[in-house]
Protein chains: 2
Amino acid sequence: MPEATVARLPLYLRALTTLAERGVATVSSEELAASAGVNSAKLRKDLSYLGSYGTRGVGYEVDFLRHQITREIGLTQDWAVVIVGIGNLGHALANYGGFASRGFRIAALVDADLSRVGEEVAGLKVRHADELEQIVQDLGIAIGVVATPARAAQLVCDRLVAAGVTSILNFAPAIVQVPEGVDLRKVDLSTELQILAYHEQRKNGAALALTAEQAAELAEAVNG
Amino acid sequence: MPEATVARLPLYLRALTTLAERGVATVSSEELAASAGVNSAKLRKDLSYLGSYGTRGVGYEVDFLRHQITREIGLTQDWAVVIVGIGNLGHALANYGGFASRGFRIAALVDADLSRVGEEVAGLKVRHADELEQIVQDLGIAIGVVATPARAAQLVCDRLVAAGVTSILNFAPAIVQVPEGVDLRKVDLSTELQILAYHEQRKNGAALALTAEQAAELAEAVNG
DNA sequence: AGACGCTTGTGAACGTGTGCACAAAGTTGC
DNA sequence: GCAACTTTGTGCACACGTTCACAAGCGTCT
Ligand SMILES: NC(=O)c1ccc[n+]([C@@H]2O[C@H](COP(=O)([O-])OP(=O)(O)OC[C@H]3O[C@@H](n4cnc5c(N)ncnc54)[C@H](O)[C@@H]3O)[C@@H](O)[C@H]2O)c1
Ligand SMILES: NC(=O)c1ccc[n+]([C@@H]2O[C@H](COP(=O)([O-])OP(=O)(O)OC[C@H]3O[C@@H](n4cnc5c(N)ncnc54)[C@H](O)[C@@H]3O)[C@@H](O)[C@H]2O)c1
């Protein structure tokens, strides 16, 4: 299955869940594509990787398709997650209710700062970073979330990997190396804003260019 | 400039900043690529879109290249940002110091909940959503960050656009439509986790498949 | 039952992105 | 001033992703 398709399955899943809540029983690729904000041909091709679950002339059965995607992504089981670094962001993540409803359970919170250890956040006691290996093994944790400062990110990832974690979501703005077999994804807010700024500048730049062109025309008019 | 290149420029910028702080004056494409975690040919092709700023046989001058990328992204000016939805995540974002150092200034905080309005967060008073248009125009805000619940996201984006915002970063897990000319990027943590879960499952699935194969072999051995 | 209309699933064309490999261009050492 | 060495910038081939367009298949209505 293409990586681009995998990245869109959660999108479809969310759209299907919304439809199911509204009591919709079947949906065409055109409608579902509109809900998910993608091209309908792309949607059909994506879904075709799961199998032929549609009915020609009718569409897709919402509940059935939802189940198939859930199974494909691997959300039939709950995944235990550890969050490392319980600062600003770590607190927000720990308190966020949206993970549980999507198949993820925050199983442990870890920080290196002794003044933070023992604090109760979202019903969990913050534990010390040195206990990481024990925690990961005891709770069967496969996914780690890194919300420490950038300078600690590589060390924390190394420890997570050593403890047996094979999937990491990194929020720290740092380039981290992990051994093969370990999946690393990053969420980088500053980068996102910078990409927006680039396009924003070009929008304004286009306006400036137009002005320059107008200026040239003006100059020509005056000189001609 | 290719979109993929634009998305990597912030990465290079960060790597260059780190090098500059370490006092490195020049860097080869090989070294810089390693710092940024990309292929060196890709890095050189990306940089070639900015112009021919390298010196053959030597490499790139760190400070100069940093300045060129900063200019290209449009970070020579500071961008004013408004955050809408000052809950868990909004607080974390408002308190985050990493934006200011990268050319973004949190200029205003907005919420619809009257019990939140007036609260002081990160040195700013939370203002009411109805004032949005006024705020955006007075402060010359071009970028909006949406950290409201999903159900409010479309409404908030519509209001932001109506107020004159032309770039939006959305944290709510919702598909949002914006008119042409407005850039919308989304950060979706659940999706990221789900992508990790998919690969995680396949890792385990590979192990299970092996077991199944072994089982088949065993059955064959018993029957044969 | 058969014709009609609708929607899926997919072949094929196209566009974008990646990475190799090397000529061109610079530096360093003698 | 020249040869040897280093590193950039880029042409080219390939891989990946997207979109069009349509035959095949299903349900419905007469
Ligand atoms: N807060 C945000 O909204 C935001 C936005 C974008 C990016 N980030 C990034 O997310 C990360 C966390 O941000 P934050 O605002 O929560 O920072 P923070 O300073 O509030 O929290 C960091 C936490 O990590 C802990 N920590 C430090 N070293 C550790 C280690 N080796 N092991 C375990 N824990 C350790 C600290 O004790 C602290 O509690 C940073 O890298 C930041 O750049 C945050
Ligand atoms: N907290 C997290 O770590 C986290 C993680 C992933 C995604 N998210 C998403 O980010 C968003 C915010 O999450 P949160 O945990 O901060 O939620 P929250 O409920 O704590 O905060 C939401 C805030 O938005 C305000 N709001 C609601 N409607 C509004 C409107 N129309 N205009 C202006 N403000 C409005 C509310 O008053 C509240 O203060 C949610 O969509 C959530 O799914 C949060």
Side-chain angles (χ1 to χ4, degrees), chain A residues 1-12 15-16 19 24-69 72 175 180 185 191 195 198-199 202, chain B residues 1-12 15-16 19 24-69 72 175 180 183 185 191 195 198-199:
Chain A
M1 166 135 14
E3 192 57 35
T5 297
V6 173
R8 281 189 295 266
L9 289 182
L11 208 67
Y12 304 152
L16 286 167
L19 290 170
V24 178
T26 61
V27 66
S28 72
S29 64
E30 204 69 50
E31 294 167 315
L32 184 54
S35 314
V38 301
N39 182 299
S40 71
K42 182 151 57 178
L43 172 82
R44 287 197 298 276
K45 186 153 283 185
D46 284 342
L47 295 184
S48 76
Y49 290 109
L50 304 178
S52 281
Y53 294 142
T55 309
R56 292 167 192 236
V58 179
Y60 302 89
E61 205 183 322
V62 172
D63 277 332
F64 182 74
L65 188 55
R66 200 149 74 104
H67 180 252
Q68 292 304 323
I69 295 180
E72 186 70 24
I175 287 99
E180 197 171 311
R185 297 187 66 88
T191 295
I195 294 169
Y198 169 82
H199 293 295
R202 294 198 80 221
Chain B
M1 165 134 17
E3 192 56 35
T5 297
V6 173
R8 282 189 294 267
L9 288 182
L11 209 65
Y12 304 150
L16 286 167
L19 290 171
V24 179
T26 62
V27 67
S28 72
S29 65
E30 204 69 50
E31 293 166 315
L32 184 54
S35 314
V38 302
N39 181 298
S40 71
K42 183 152 54 179
L43 172 82
R44 288 198 297 277
K45 187 154 286 187
D46 284 343
L47 295 184
S48 77
Y49 289 108
L50 304 178
S52 282
Y53 294 142
T55 309
R56 291 167 192 236
V58 178
Y60 301 88
E61 204 183 322
V62 171
D63 276 332
F64 182 74
L65 188 56
R66 201 150 72 105
H67 180 251
Q68 292 304 323
I69 296 180
E72 185 70 23
I175 288 98
E180 197 170 311
D183 280 297
R185 296 187 66 88
T191 295
I195 295 170
Y198 170 82
H199 293 295

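Letters A, B, ... mirror the listed sequences (proteins, then strands); counts begin at 1.
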Colleague: Can you give me the first and the last nucleotide of DNA chain C (5' to 3') that has an atom within less than 4.0 angstrom of a non-hydrogen atom in chain B?
Modeller: C:dG17 to C:dT27
Colleague: Please report the closest heavy-atom contact between A:Val27 and A:Leu32, naming both atoms and the distance.
Modeller: CG2-N, 3.7 Å
Colleague: In this structure, how many angstroms lie between the C1' atom of D:dT28 and the CZ atom of A:Arg56, rounded?
Modeller: 18 Å
Colleague: Testing the basics here: between A:Tyr198 and B:Met1, what is the closest heavy-atom pair and its distance to 0.1 Å?
Modeller: OH-CB, 3.6 Å
Colleague: Would you name the heavy atoms of B:Ile195 and A:Glu3 that are closest together and state the gap between them?
Modeller: CG2-OE2, 3.8 Å
Colleague: D:dT8 phosphate, OP1 or OP2: any side-chain N/O from B:Ser29 under 4.0 angstrom?
Modeller: yes
Colleague: Can you measure A:Arg44 atom CZ to D:dA23 atom P for me and round it to whole angstrom units?
Modeller: 15 Å
Colleague: Counting just side-chain N and O atoms, does B:Lys45 come under 4.0 Å of either OP1 or OP2 of D:dT10?
Modeller: no
Colleague: Tell me: CG of B:Asp46 to P of D:dT10, nearest whole Å?
Modeller: 13 Å
Colleague: List the atom of B:Leu9, the atom of B:Glu72, and the distance in Å for their closest heavy-atom pair.
Modeller: CD1-CG, 4.2 Å
Colleague: Using whole Å, what does the distance between atom C1' of nucleotide D:dG27 and atom CD of A:Glu61 come to?
Modeller: 15 Å
Colleague: By a strict heavy-atom criterion of less than 4.0 Å, which residues belonging to residues 1-11 of chain A are in contact with DNA chain D?
Modeller: A:Pro2, A:Ala4, A:Arg8
Colleague: To the nearest 0.5 angstrom, please state how far the CD1 atom of A:Ile69 sits from the CG atom of A:Leu16.
Modeller: 5.0 Å
Colleague: Ignoring hydrogens and angles, write down the donor-acceptor pairs under 3.5 Å from the side chains of residues 42-53 of chain B, residues two or more places apart or on other chains.
Modeller:
{"unit_1": "B:Arg44", "atom_1": "NH1", "unit_2": "B:Ser29", "atom_2": "OG", "d": "2.9"}
{"unit_1": "B:Asp46", "atom_1": "OD1", "unit_2": "B:Thr5", "atom_2": "OG1", "d": "2.7"}
{"unit_1": "B:Asp46", "atom_1": "OD1", "unit_2": "B:Arg8", "atom_2": "NH2", "d": "3.1"}
{"unit_1": "B:Asp46", "atom_1": "OD2", "unit_2": "B:Arg8", "atom_2": "NE", "d": "2.7"}
{"unit_1": "B:Asp46", "atom_1": "OD2", "unit_2": "B:Arg8", "atom_2": "NH2", "d": "3.3"}
{"unit_1": "B:Asp46", "atom_1": "OD2", "unit_2": "B:Tyr12", "atom_2": "OH", "d": "2.5"}
{"unit_1": "B:Ser48", "atom_1": "OG", "unit_2": "B:Lys45", "atom_2": "O", "d": "2.6"}
{"unit_1": "B:Tyr53", "atom_1": "OH", "unit_2": "B:Leu50", "atom_2": "O", "d": "3.3"}
{"unit_1": "B:Tyr53", "atom_1": "OH", "unit_2": "B:Gln68", "atom_2": "OE1", "d": "3.3"}

Colleague: What contact category does A:Tyr53 fall into here, base, sugar-phosphate, or nothing, at under 4.0 angstrom with non-hydrogen atoms?
Modeller: sugar-phosphate
Colleague: Please figure out whether A:Thr55 or A:Ala41 has its closest DNA chain D nucleotide nearer the 5' end.
Modeller: A:Ala41
Colleague: Compare every heavy atom of B:Ile175 with every heavy atom of A:Ala36, then report the nearest pair and how far apart it is.
Modeller: O-CG1, 3.8 Å
Colleague: What's the CD-P distance between B:Glu30 and D:dG9, to the nearest Å?
Modeller: 14 Å
Colleague: If you measure from OG1 on B:Thr26 to CD on B:Glu61, what distance do you get to the nearest 0.5 Å?
Modeller: 8.0 Å
